[in-house]
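All remarks here apply to the structure that follows.
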Amino acid sequence: MRFFDNRYAYTLLLWLLLPYALLHLLWRARKQAEYLQHIGERFGRYRVRSDKPVIWLHTVSVGETRAAATLVRELRERYPQHQILLTHTTPTGRAASEQLYGDDVLRVYLPYDYPFAVRRFLRHFQPQVGVLLETEVWFNLIHACRRAKTPLLLLNARLSERSARKYARYPQLTHDGLHALTLIAAQTDDDALRLSSLSGHSVTVMGNLKFDIAPPPAQLELGRRLRERFGETRPVFLAASTREGEEVLLLEALQKANVNKLLTVIVPRHPQRFDEVAALILAHGFSLQRRSADEIISADTQVVLGDSMGEMFAYYAACDVAFIGGSLLPLGGQNLIEAAACGKPVLVGPHTFNFAQVSEQALVCGAAKRVGDADELVSQLNSLLHDAQRMQHMAQCGERFVSDNRGATGRAADMIESVLSH
């Protein structure tokens, strides 16, 4: 009864926020028109349907969609007679799914967490099992799955200390919601401890799916071609997955840098910011070319804007040193595993709380170096580019760091199989 009371208040709040949700779609559509597509799906109305049994994975945006690649492949091999359904929350996640999987999967938006919408979703697709990846917890969805007897797993789960404190403000709702999940498997011991404390579940540690992603050969070949265009003798610095406010700090620090013939490649995290970041680069006096122009990079060009989708592995392959964005400002950081897997020295800022244990492991083993601010970042960059032996050591540490932590895909697939076999 207490869960019902708490969930009732939660649902009432969702209804009060409905006008904001619609305005949010309109606001985001100013820069990304795709937000106004498939609106019916956000309320549980779908045109696509499967005539096969459905295995459903929820991959919110680009990061989760790419992390799921090895699991999708494993499930397709184990269950060739099933249909894989991917649900997303953002257009960029949906676009990444199209690039990665094409017609091999179905893809739709997960509906907003209104009881009527999630019931429609479950009635329409009738999944045999559902998998939430990383940090997605929707209380009405969990309740509807329990009512429909649809097993729902939270896999590859991560929960930062900051997020755990937020959930802890609503202890009964959080406990009862998480406890209703069929199974929880976390990335790290710390994640498991936090999730166990909130849910009362015995939480398994499965590792991180992102360690199992190998750089695709096609992306490595594209990286080789990009490097030819950049100039094979030029030092190339990649600022990957930068967030709003970070580009200004980087550009100001680079203005004071003295790295001979340096080419900086900036890849913003969110594609709707491409034009905004291009304007910032020009406003700081740098000569600019855009990746989307698909041209040889002039020797006079100082900055390349990575305004393309699905090419991050290629950017890593084409650079000498990679900085992982979201970490100069208190935004929590981004995944550094892909850069390490490509054998690149990694620099991160002071704020990596969303990937705390992975970042700490990379720092301890020598695959990454933490910097305090943008000026120190450029100083470390300069130091690395003049120390080939140190760069090679960091690269080797990164490759070993990734290989030593593989195996999460098989463990996740085994958990799904154990549920499907019952």
Side-chain angles (χ1 to χ4, degrees), residues 3-4 6-29 32-65 68 72 83-98 101 105-155 157 170 173-174 176-178 180-182:
F3 180 46
F4 175 80
N6 282 279
R7 195 170 55 81
Y8 179 83
Y10 163 79
T11 303
L12 178 60
L13 178 61
L14 287 181
W15 279 112
L16 293 173
L17 290 173
L18 179 58
Y20 167 79
L22 297 174
L23 286 172
H24 176 73
L25 291 178
L26 289 170
W27 180 259
R28 297 299 297 267
Q32 200 171 358
E34 292 85 355
Y35 271 96
L36 295 184
Q37 296 175 0
H38 310 289
I39 289 180
E41 294 181 359
R42 297 186 184 272
F43 296 92
R45 296 194 177 277
Y46 301 96
R47 294 181 180 179
V48 298
R49 187 181 295 274
S50 174
D51 56 2
K52 301 177 182 178
V54 169
I55 297 174
W56 155 47
L57 307 179
H58 181 51
T59 59
V60 184
S61 193
V62 177
E64 295 85 357
T65 302
V72 169
Q83 175 67 60
I84 304 297
L85 169 69
L86 294 187
T87 55
H88 307 284
T89 302
T90 69
T92 50
R94 192 168 183 142
S97 170
E98 290 175 1
Y101 312 117
V105 305
L106 288 180
R107 66 187 59 82
V108 297
Y109 286 126
L110 187 71
Y112 292 139
D113 202 31
Y114 295 102
F116 76 92
V118 295
R119 286 197 300 266
R120 276 181 186 166
F121 167 77
L122 293 172
R123 280 200 304 267
H124 185 87
F125 291 107
Q126 298 182 11
Q128 292 194 339
V129 64
V131 178
L132 306 176
L133 288 174
E134 299 210 5
T135 56
E136 287 297 292
V137 178
W138 300 105
F139 298 108
N140 284 324
L141 177 65
I142 294 170
H143 178 73
C145 285
R146 185 172 59 179
R147 290 285 299 271
K149 295 184 169 52
T150 302
L152 187 60
L153 289 62
L154 178 60
L155 300 184
Y170 313 98
L173 178 68
T174 298
D176 293 345
L178 289 174
L181 292 165
T182 306

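Index from 1, following the sequence.
- In this structure, the side chain of Glu41 engages the main chain of Tyr109 through a donor-acceptor pair within 3.5 Å.
- In this structure, the side chain to side chain contact (heavy atoms under 4.5 Å, CB included) partners of Thr90, at least two apart in sequence or on a different chain, are Tyr35, Ser61, Thr92.
- The shortest side-chain heavy-atom distance between Trp56 and Val129 does not fall under the 4.5 Å cut-off.
- The CG atom of Leu153 lies 5.5 Å from the OG1 atom of Thr182; values are rounded to the nearest 0.5 Å.
- For the atom pair CG of Leu155 and NE2 of His58, the computed distance is 13.5 Å after rounding to the nearest 0.5 Å.
- Note that the CD atom of Glu64 and the CG atom of Leu133 stand 7.5 Å from one another [nearest 0.5 Å].
- One distance of note links CD1 of Ile55 with CG of Leu106; it measures 12.5 Å at 0.5 Å rounding.
- How far CD1 of Ile84 is from CG of Leu57: 6.0 Å, rounded to the nearest 0.5 Å.
- In this structure, Arg7 fails the cation-pi test against Phe139, since its NZ or CZ atom is not both closer than 6.0 Å to the six-membered ring centre and inside 45 degrees of the ring normal.
- The two residues Arg120 and Gly44 have their closest heavy-atom pair at CB-O, 3.3 Å.
- Arg28 CZ: more than 12 foreign heavy atoms inside a 6.0 Å radius.
- Residues Ile142 and Gly177 share a closest heavy-atom pair of CG2-O, 3.4 Å.
- Qualifying side chain to side chain contact (heavy atoms under 4.5 Å, CB included) partners for Arg107, counting only residues two or more places apart in sequence or in other chains: His88, Arg94, Ser97, Glu98, Tyr101, Val105.
- Every side-chain hydrogen bond (donor to acceptor under 3.5 Å, both in side chains) that Arg49 has, sequence neighbours left out, goes to His124.
- A heavy-atom distance below 4.5 Å is not found between the side chains of Asn140 and Arg119.
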Q: Check the pair Val137 / Leu178 against side-chain contact (heavy atoms from CB on, under 4.5 Å), numbers first and verdict last.
A: CA-CA 8 Å; Val137 178; Leu178 289 174; 3.8 Å; yes
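- Distance check: Tyr112 OH to Ile39 CD1 gives 8.0 Å after rounding to the nearest 0.5 Å.
- Between the side chain of Asp113 and the backbone N or O of Leu141, at least one donor-acceptor pair lies under 3.5 Å.
- When every heavy atom of Pro115 is checked against every heavy atom of Thr11, the shortest pair comes out as CD-CG2, 3.7 Å.
- Between Leu152 and Cys145, the shortest heavy-atom distance links the atoms CD2-SG, 3.9 Å.
- In this structure, Phe125 has its ring center closer than 6.0 angstrom to the ring center of Tyr46.
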Q.
side-chain contact (heavy atoms from CB on, under 4.5 Å) for Asn6 and Tyr170? Distances and angles first, verdict last.
A. CA-CA 9 Å; Asn6 282 279; Tyr170 313 98; over 6 Å; no
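- The two residues Leu36 and Ala29 make their nearest non-hydrogen contact at CG-CB, 3.5 Å.
- Between Trp138 and Tyr114, the ring center distance fails the sub-6.0 Å criterion.
- Between Phe43 and Phe116, the shortest heavy-atom contact is O-CE1, 3.8 Å.
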